[in-house]
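Have a look at the structure below before the remarks.
Throughout, a chain's letter reflects where its sequence line sits, starting with A, and its residues are numbered from 1.
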Amino acid sequence: MPPLTPPKSGDALFASVDRVNAELFTLTYGAMVRQLLTDLEEVEEVNKQLDQMGYNIGTRLVDEFLAKSNVSRCDDFKETADVIAKVSMKTEVTWVRDMLRGDDAYEMRVKLIKQVPEEYPYKDDD
Amino acid sequence: MIGVGKAKQYASVLDKPLSRGRQEVSLSAFAFLFSELVQYNQTQVDNIAELERRLEDAGYAVGARVLELLCHREKGNRRETRLLGILSFIHSTVWKVLFGKVADSLEKGTEHEDEYMISEKELLVNRFISVPKDMGAFNCGAFVAGIVKGVLDNSGFPAVVTAHFVPIEGQHRPRTTILIKFAEEAVGKVNQSWVVSGA
């Protein structure tokens, strides 16, 4: 299988889009979760809603990503996961980049919880 | 000495030090998230006033936290005690941190003593929102109004804050104005609540 070479690297793409403060994003997400918890009260229900919302956001994100990055069609799952891990996640949310490791690409499930790898490639903000 | 690439492992996320606030996410990520927030709220309400109320409440929570964070990080734990002080704090510092630029203008209302307006040519949250005709004057800026209200209320300057569209000559899209109407106890006084006696 020929190696996938994306025409634009994730970092270049991220540099070219407009950006907003991550704290606004985080706080807005927190407000949304708070609303869901107040309305639905059941944790399972909230999780389901969040899942659905995440799904919707994901489909729109991938549309935008495909529009911006000109990658060719992926032949199989492994390539898709590879592209997502290396290119698109860098585009949309930088901090996820450090948590997704290439090996996990075999699972399509994206882990958004911190893993405990041998070392992190970034410096601590001190 | 362990190499600089090694990150400290914290027992819980609450032990981590505050970040310096320089991290960014793409605008589209935020826009999608905000649109999901609005869409979800649309399913929970029957009318526009309630929808604006809910967005405002969501923003209120953000405002309260932003105030705490910025007070600590940017102002060295000093709090504003004057009306103009807190207004200019919102207009410049809060706006700069959240939206990357200071607000376009801060004006005092001409008709009433206790009214002020912060205007913005294009609010970030409204940038990708289109309002259908049957929703009339609905403004997603209610979220931002909520943020401002959260900051003001938690600084001890209670106010009613709303967002309005103001059509401008020669501009295709209307300007957004955040109208701040202060409550009685907030106007014209140095804020003396929270006097902490040293021990």
Between A:Gln49 and chain B, which part of the residue has a heavy atom less than 4.5 Å away: side chain, backbone, both or neither? side chain
With rounding to the nearest 0.5 angstrom, report the CZ to OG1 distance, B:Phe34 to A:Thr28. 8.0 Å
Atom CD1 in B:Ile180, atom CG in B:Leu83: separation rounded to 0.5 Å? 9.0 Å
Test of understanding: clusters of I, L, V, M, F, W, Y form through side-chain heavy atoms closer than 4.5 Å, transitively. Do B:Leu84 and B:Ile178 belong to the same one? yes
To the nearest 0.5 Å, how far apart are CD in B:Glu115 and CG in B:Leu179? 5.0 Å
So which part of B:Asp57 gets closer than 4.5 Å to some heavy atom of chain A, the side chain, the backbone, both or neither? neither
Can you tell me which portion of B:Phe99 sits under 4.5 Å from chain A's heavy atoms? Options are side chain, backbone, both or neither. side chain
A:Arg34 versus chain B, heavy atoms under 4.5 Å apart: side chain, backbone, both or neither? side chain
